[in-house]
Undergrad: 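My structure is below; once you've seen it, I'll send some questions.
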Amino acid sequence: MRVAAKFEQIKQQINEACLKVNRNPDEVKLIAVTKYVSIERASEAFEAGITNLGENRDDGLLAKWTVLRDKPDWHFIGSLQTRKVKNIIDKVEYIHSLDRLSLAEEINKRADHKIKCLVQVNVSQEESKHGLSAGETIEFIESLWPFDNISVEGLMTMAPLTKDEQIVRDCFRKLRELRTQVQDRNLDFAPCTELSMGMSGDFPIAIEEGATMVRIGTALVGEDG
């Protein structure tokens, strides 16, 4: 199936999830995760009208950026090594994986303008996942006040890979509640309006729980061809 057809299906699912909880679908930003597909497939996604593309490796982002340049908004969604910051800092609209002070220092040093960052939270506390614990998150965000080139736009998480919908829903709900705690602090450098959560298998639940960004790969761009 072509990306355009999948895009229409995904948009319908987003609309349905929003309708269930009385949300405006315009509140949800769809990010096509193109990390496993070719440059041609990523270009097809952009031509289908998807203006936000996500990559989790610097080399993958750079390869696609050489073709699409800054026409889409690029989101770096994977764990970011400090030494790789210089490769992507002038090409991305958002970094979804800020999770340590050394990375914040490097982003701040390399950037020549405010970078929109999301703090990655390991809500499920799984050892296989990156991110801060929920208990560490607010103190970490408060420690970022000296960095003029970082704006904490929101939080990001990944739910456990399980068929138990309640576990997934609880994970997303906890991130939303954590966002409220950050917002209650009224930090100028951390408006924290965004919730990046939900992927191909669970994005409708994420939307019902308040996601403002969903990161969809397989269900949207799928395999090449």
Side-chain angles (χ1 to χ4, degrees), residues 13-14 17-18 20-21 23 27-31 33 35 52 54-57 75-82 92 94-104 107 115-144 150-187 189-220:
Q13 289 175 276
I14 290 173
C18 287
K20 286 178 67 174
V21 291
R23 292 187 65 194
E27 297 173 5
V28 181
K29 186 173 293 183
L30 173 61
I31 302 165
V33 179
K35 62 183 181 178
N52 292 274
E55 285 286 327
N56 75 330
R57 293 172 61 93
H75 297 247
F76 194 89
I77 61 174
S79 180
L80 181 56
Q81 297 177 45
T82 305
V92 295
Y94 287 88
I95 294 174
H96 288 235
S97 48
L98 179 56
D99 62 356
R100 60 197 187 279
L101 196 59
S102 60
L103 180 58
I107 291 170
I115 301 297
K116 297 174 183 176
C117 294
L118 287 84
V119 172
Q120 184 169 354
V121 186
N122 185 358
V123 176
S124 63
Q125 298 184 322
E126 294 176 276
E127 291 185 5
S128 61
K129 288 184 169 63
H130 293 276
L132 297 157
S133 70
E136 297 171 320
T137 300
I138 291 177
E139 183 178 355
F140 172 72
I141 290 174
E142 289 178 336
S143 76
L144 301 177
I150 289 179
S151 176
V152 180
E153 295 293 309
L155 306 176
M156 184 273 263
T157 200
M158 289 179 283
L161 187 61
T162 175
K163 293 182 179 179
D164 189 328
E165 181 178 312
Q166 194 56 51
I167 291 175
V168 173
R169 190 174 294 279
D170 286 347
C171 178
F172 294 147
R173 183 176 296 131
K174 287 176 181 176
L175 193 75
R176 186 187 73 231
E177 291 169 351
L178 184 59
R179 180 188 64 174
T180 299
Q181 293 176 41
V182 177
Q183 290 176 328
D184 286 346
R185 279 157 172 79
N186 294 314
L187 303 171
F189 61 92
C192 210
T193 57
E194 305 287 358
L195 286 176
S196 173
M197 57 189 195
M199 299 189 290
S200 289
D202 56 22
F203 72 88
I205 300 173
I207 291 170
E208 290 172 26
E209 294 301 330
T212 63
M213 297 177 171
V214 292
R215 312 177 305 271
I216 304 179
T218 305
L220 182 56

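One-based numbering along the sequence shown. The shown structure was predicted, so the numbers you read here are calculated from the model rather than taken from an experiment.
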Undergrad: Taking all non-hydrogen atoms of both residues, which atom of C18 and which atom of V28 are closest, and how far apart?
TA: SG-CG2, 3.9 Å

Undergrad: Under 4.5 Å between any side-chain heavy atoms of D99 and F140, yes or no?
TA: no

Undergrad: Identify the heavy atoms of A17 and E208 that sit nearest to each other, and give their distance.
TA: O-CG, 4.0 Å

Undergrad: Please confirm whether the backbone N or O of I167 pairs with a side-chain atom of D170, one donor and one acceptor, at under 3.5 Å?
TA: no

Undergrad: Could you tell me whether the side chain of F172 reaches within less than 4.5 Å of the side chain of V123, counting heavy atoms only?
TA: no

Undergrad: Is it the case that the side chains of T212 and E194 hold a donor-acceptor pair, with the cut-off being a distance below 3.5 Å and no angle test?
TA: yes

Undergrad: A side-chain contact here means heavy atoms from C-beta on lying under 4.5 Å apart; do K35 and R57 qualify?
TA: no

Undergrad: So, does R23 use its side chain to make a donor-acceptor pair with the main chain of I207 at under 3.5 Å?
TA: yes

Undergrad: What's the separation between atom CD1 in I95 and atom CD1 in I107, rounded to the nearest 0.5 Å?
TA: 4.0 Å

Undergrad: Any non-hydrogen side-chain atom of R100 less than 4.5 Å from a side-chain atom of T82?
TA: yes

Undergrad: Sub-3.5 Å donor-acceptor pair from the side chain of N122 to the main-chain atoms of E126, do we have one?
TA: yes

Undergrad: Could you state the interatomic distance from CG (N186) to CG (D184), rounded to the nearest 0.5 Å?
TA: 7.5 Å

Undergrad: About how many Å separate CE of M197 and CG of D202, when rounded to the nearest 0.5 Å?
TA: 9.5 Å

Undergrad: Can you find a heavy atom in the side chain of I31 that is under 4.5 Å from one in the side chain of H96?
TA: yes

Undergrad: Rounded at 0.5 Å granularity, tell me how far SG in C171 sits from CD in Q125.
TA: 10.5 Å

Undergrad: Over all heavy atoms of both residues, which pair between S97 and Q120 is shortest? Give the atoms and the distance, please.
TA: CB-OE1, 3.3 Å

Undergrad: With a 4.5 Å heavy-atom cut-off, do L178 and I138 have their side chains touching?
TA: yes

Undergrad: Any side-chain heavy atom of I141 sitting closer than 4.5 Å to one from R185?
TA: no

Undergrad: Distance from Q166 atom CD to I205 atom CD1, nearest 0.5 Å?
TA: 9.0 Å

Undergrad: What's the shortest heavy-atom distance between R179 and T193, and which atoms?
TA: NH1-O, 2.8 Å

Undergrad: How far apart are the closest heavy atoms of H75 and N52, and which atoms are they?
TA: NE2-OD1, 2.9 Å

Undergrad: Any idea which heavy atoms bring V92 and F76 closest together, and the distance?
TA: CG1-CB, 4.2 Å

Undergrad: Enter the distance from C117:SG to L80:CG here, rounded to the nearest 0.5 Å.
TA: 9.0 Å

Undergrad: Table please: side-chain donor-acceptor pairs of residues 152-162 below 3.5 Å, with sequence neighbours left out.
TA:
{"from": "E153", "atom 1": "OE2", "to": "S151", "atom 2": "OG", "distance (Å)": "2.5"}
{"from": "T157", "atom 1": "OG1", "to": "V121", "atom 2": "O", "distance (Å)": "2.6"}
{"from": "T162", "atom 1": "OG1", "to": "D164", "atom 2": "N", "distance (Å)": "3.0"}

Undergrad: Only one of L220, L30, I14 passes side chain to side chain contact (heavy atoms under 4.5 Å, CB included) with F203; say which it is.
TA: I14

Undergrad: Do L118 and M213 come close enough that some side-chain heavy atom pair is under 4.5 Å?
TA: yes

